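The structure appears below as structure tokens.
Bear in mind the structure is a predicted one, so any value in this text is a computation, not a measurement. Naming convention: chains lettered A, B, ... in sequence-line order (proteins, then strands); numbering from 1 in each chain.
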Protein chains: 2
Amino acid sequence: MLELEHTDVPGGVAGELPNRCGDVSQVLARVGDKWTVLVVMMLAAGPMRFNALKRRIGKVSQRMLTLTLRGLERDGLVSRTVFPTVPPRVDYELTPLGRSLQTPVVALGEWAFANLDAMNEARRDYDARREDL
Amino acid sequence: MLELEHTDVPGGVAGELPNRCGDVSQVLARVGDKWTVLVVMMLAAGPMRFNALKRRIGKVSQRMLTLTLRGLERDGLVSRTVFPTVPPRVDYELTPLGRSLQTPVVALGEWAFANLDAMNEARRDYDARREDL
DNA sequence: CTGCATCCAGAGCGATACTG
DNA sequence: CAGTATCGCTCTGGATGCAG
């Protein structure tokens, strides 16, 4: 997890964000890990069982899905409901907090979609320039 | 870097985001790393020299700042200008693409700021519940 | 001042096997 | 079906030292 000094930003980041960059980073550490966003996106469709989720995401290990879900549950973004049946059944569902996270994440996703070509081109150019040394 | 299967999402993530979750993840891998967002935020104030940037951020190693800046430069988010003086001077500055990234990142930052208390409380509750086993 | 190279500890994560 | 435990690899990232 991140832990930053309280570096006071004088300017003010486009005049909007308070100088609590540590907070932003902390949340980004949660959101930025390998599977969190995928899980949140998948759960947007509604409650889902463990293996359904696993199949949807595709190439996630059972271990990592469990860990990611535990983390999200701990942060209050996902709720976990156990049905004491046999075989056991566990449903995962976004909490209101988790659903509210979708708004900024979707915004980021739209930025990603809109600018992916530009980024790929920039990368190609950069790599090409680095080859003729 | 992430590399996901092309898992087609039928539902559609709140009906907004296309089923290109891979793209989102790829960008998140860039944005989600430890220093990227901090650097972008700092550069929001305007062009900055290497050490000025380093001092602003505070507890970043020289190595990681260099690596982060190279990555951002490669992705076309930051431009690097060398002044062939002595001692050498290098200015880093957000490109238009980099500046456009601020919008969604600031949105995420505002979400973080608004919901940090809720998340911390959720964590406390979760940890407390786990203690009385 | 800037920025590479090296070394090294630790985190992240996948594969596998096992339990209720 | 859901979850835990263990192993081992890779990658991150911090510290240090050297060079233009």
Among A/Asp91, A/Thr81, A/Leu53, which residue satisfies the side-chain contact (heavy atoms from CB on, under 4.5 Å) criterion with A/Pro47?
A/Asp91
Looking only at heavy atoms, which two atoms of A/Arg49 and A/Pro88 are closest? And how far apart?
NH2-O, 3.6 Å
Ignoring backbone atoms, establish whether B/Arg49 has a side-chain N or O less than 4.0 Å from OP1 or OP2 of C/dC1.
no
Flag the pair A/Asp127 and A/Arg129 as a salt bridge only when some basic side-chain nitrogen lies within less than 4.0 angstrom of an acidic carboxylate oxygen.
no
Could you list by number each residue of residues 83-94 of chain A showing a heavy-atom separation from DNA chain D of less than 4.0 Å, or answer none if no residue does?
A/Pro87, A/Pro88, A/Val90, A/Tyr92
A/Lys54 NZ to D/dG3 C1', in whole Å, measures 13 Å
Here the distance between atom C1' of D/dG3 and atom CG of A/Leu69, to the nearest Å, is 11 Å
What verdict does the side-chain contact (heavy atoms from CB on, under 4.5 Å) test give for B/Trp35 and B/Met64, after you've listed the backbone C-alpha separation in whole Å, the side-chain angles of each residue and the deciding distance to 0.1 Å?
CA-CA 8 Å; B/Trp35 302 110; B/Met64 287 321 296; 3.6 Å; yes
For B/Val86, the side chain to side chain contact (heavy atoms under 4.5 Å, CB included) test, sequence neighbours excluded, returns none
How many Å lie between CG on B/Leu53 and P on C/dT2, as a whole number?
10 Å
Minimum-distance nucleotide (side-chain atoms of A/Arg70 versus C/dC1, D/dT4, D/dA2):
D/dT4
Hey, does the side chain of A/Asn115 reach the backbone of A/Ala118 with a donor-acceptor pair shorter than 3.5 angstrom?
no
Are A/Leu101 and B/Tyr126 joined in one hydrophobic group, where the rule is that I, L, V, M, F, W and Y side chains link up if heavy atoms are under 4.5 Å apart?
no
Would you say the side-chain atoms of B/Ser79 pair up with the backbone N or O of B/Thr95, donor to acceptor, closer than 3.5 Å?
no
Whole angstroms only, please: what is the CG-P distance between A/Asp33 and D/dT12?
15 Å
Nearest-Å distance for atom pair CD/C1', residues B/Glu73 and C/dG3
13 Å
Give the minimum heavy-atom separation between B/Arg80 and B/Val90, together with the two atoms involved.
CG-CG1, 3.7 Å
Please list, for nucleotides 14-16 of chain C, all pairs of protein and nucleotide N/O atoms separated by less than 3.5 Å.
from   : atom 1 : to      : atom 2 : distance (Å)
C/dG14 : OP1    : A/Lys34 : NZ     : 3.0
C/dG14 : OP2    : A/Ser61 : OG     : 3.4
C/dG14 : N7     : A/Arg63 : NE     : 3.2
C/dG14 : O6     : A/Arg63 : NE     : 3.4

How close or far is atom C1' of D/dG13 from atom CD1 of B/Ile57, stated in whole angstroms?
14 Å
